[in-house]
Trainee: 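Please read through the structure below; I'll follow up with questions.
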Amino acid sequence: MSDFEVIIYQKQDGIGYVTLNRPERLNAYNIQMRDELYQVLGAVKDDPDVKVVILKGAGERAFCAGADLSEFLTAPSPVIAREVRWERDVWGLMMSITQPLIAALHGYVLGSGIEMALCCDIRIASEDAQFGVPEMGLGIIPAAGGSQTIPRVIGRGHALEMLLSGRWVKAEEAYRLKLVNQVVPREELLSVVEQLANKVKAYSPIALSYAKQAVTRGLDLSLEQGLELESRLGDCLLPQ
Ligand code: COA
């Protein structure tokens, strides 16, 4: 798992660190990143030694400035560019991971960057973070779930405003919108995220996974079905 070029993967004391590593391109999401993330996340999903995952961006300026526009704009058509991005369903894979995923967000968090962050369970941002959905300016719509995940987190009106106007949101506003759980000084970002990861990883992996499933799957169900799901998952945790 060490032959990656645009992802760094490290495992330490039960925490899996996944770092987007193209700082000279503001960690723009390209096909190679898609392939490497797919490999790393697949391995993380099956690794019982990884209790919690931290997703972050390398360099000082960005978590991720969105899809790599040089690849995107050189594809034969936006439709093909979009299809290529879906050849490996990184987003589906992220959403199927049972361990808690925590996003450490700094600098630019745009397009695919915000979509990746929204596939995580908890988002901590530093004061310099800026969030935006620039797809309208490119004549496309989000392709990694953003049109569904953003309104589920911040509500229909705010999501549509971000999407339709392309307006960027700074960290404090992102906190008010509940797009992020917490905003911290830049120099404290990693340590705050690690403190949280250390707290989370101390709990039973199965209880964490069931709690995560109850919430994430339950949000797409009726209250009645959600309560049924909670009850079934809860029963599985009772001593037999
Ligand atoms: N795809 C490919 N390269 C990107 C990129 C992207 N999405 N975002 C930034 N880069 C590259 C720039 O081309 C530049 O490369 P260079 O040094 O070889 O010229 C480098 O990263 C630094 O970015 P730069 O534009 O010089 O920084 P800036 O501070 O002036 O502007 C942004 C930062 C984020 C405002 C600007 O880079 C931008 O608008 N990026 C595109 C955002 C976007 O539309 N993403 C797609 C969403 S679908």
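Note that ligands are numbered from 1 as they come in the structure, with each ligand's atoms numbered from 1 the same way. Just so you know, these numbers use all the heavy atoms, side chains as well, and skip hydrogens, waters and symmetry mates.
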Trainee: State whether Asp13 and Lys201 are salt-bridged, where the test is any N-O pair (Lys NZ or Arg NE/NH1/NH2 against Asp/Glu carboxylate O) under 4.0 Å.
Mentor: no
Trainee: Ignoring angles and geometry beyond distance, decide whether Ser70 reaches within less than 3.5 Å of ligand 1 through its nitrogen or oxygen atoms.
Mentor: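 In fact, backbone or side chain, Ser70 has no N or O that close.
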Trainee: Look only at the side chain of His158 and the backbone of Ile150, and say whether a donor-acceptor pair between them is shorter than 3.5 Å.
Mentor: no
Trainee: For ligand 1, indicate whether the residue Leu138 contacts it via side chain, backbone, both or neither (heavy-atom separation under 4.0 Å).
Mentor: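 For Leu138, the contact with ligand 1 is made by the side chain alone.
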Trainee: Which is closest to atom 45 (N) of ligand 1 by heavy-atom distance: Ala67, Gly146, Ala65?
Mentor: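 Nearest option to atom 45 (N) of ligand 1, by heavy atoms: Ala65.
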Trainee: Could you tell me whether Trp168 approaches ligand 1 through its side chain, its backbone, both or neither, with non-hydrogen atoms closer than 4.0 Å?
Mentor: side chain
Trainee: Charged N to carboxylate O below 4.0 Å: is that the case for Arg25 and Asp68?
Mentor: no
Trainee: Tell me the side-chain hydrogen bond (donor to acceptor under 3.5 Å, both in side chains) pairs involving residues 171-184, sequence neighbours left out?
Mentor: Arg167-Glu173
Trainee: Considering both backbone and side-chain atoms of Pro134, is one of its nitrogen or oxygen atoms within less than 3.5 Å of a nitrogen or oxygen in ligand 1?
Mentor: no
Trainee: Which bit of Ala28 gets closer than 4.0 Å to ligand 1, counting heavy atoms only: side chain, backbone, both or neither?
Mentor: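 Near ligand 1, Ala28 shows its side chain, while the N, CA, C and O stay back.
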Trainee: Can you see whether Ser126 engages Asp128 through a side-chain donor-acceptor pair at a distance of less than 3.5 angstrom?
Mentor: yes
Trainee: Where on Leu110 is there a heavy atom closer than 4.0 Å to ligand 1, on the side chain, on the backbone, on both, or on neither?
Mentor: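 The answer is the side chain of Leu110.
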Trainee: Would you say that Leu41 contacts Ile97 through its side chain, given a criterion of any heavy-atom pair below 4.5 Å between the two side chains?
Mentor: yes
Trainee: Are any of the heavy atoms in Glu24 under 4.0 Å away from ligand 1?
Mentor: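 Yes; Glu24 lies near enough to ligand 1 that a heavy-atom distance drops under 4.0 Å.
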Trainee: Tell me whether Val44 is reachable from Met116 by hopping between hydrophobic residues (I, L, V, M, F, W, Y) whose side-chain heavy atoms are closer than 4.5 Å.
Mentor: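 Yes; Val44 is reachable from Met116 via cluster members.
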Trainee: Report, in ascending order of atom number, the atoms of ligand 1 lying under 4.0 Å from any heavy atom of Glu135.
Mentor: 48 (S)
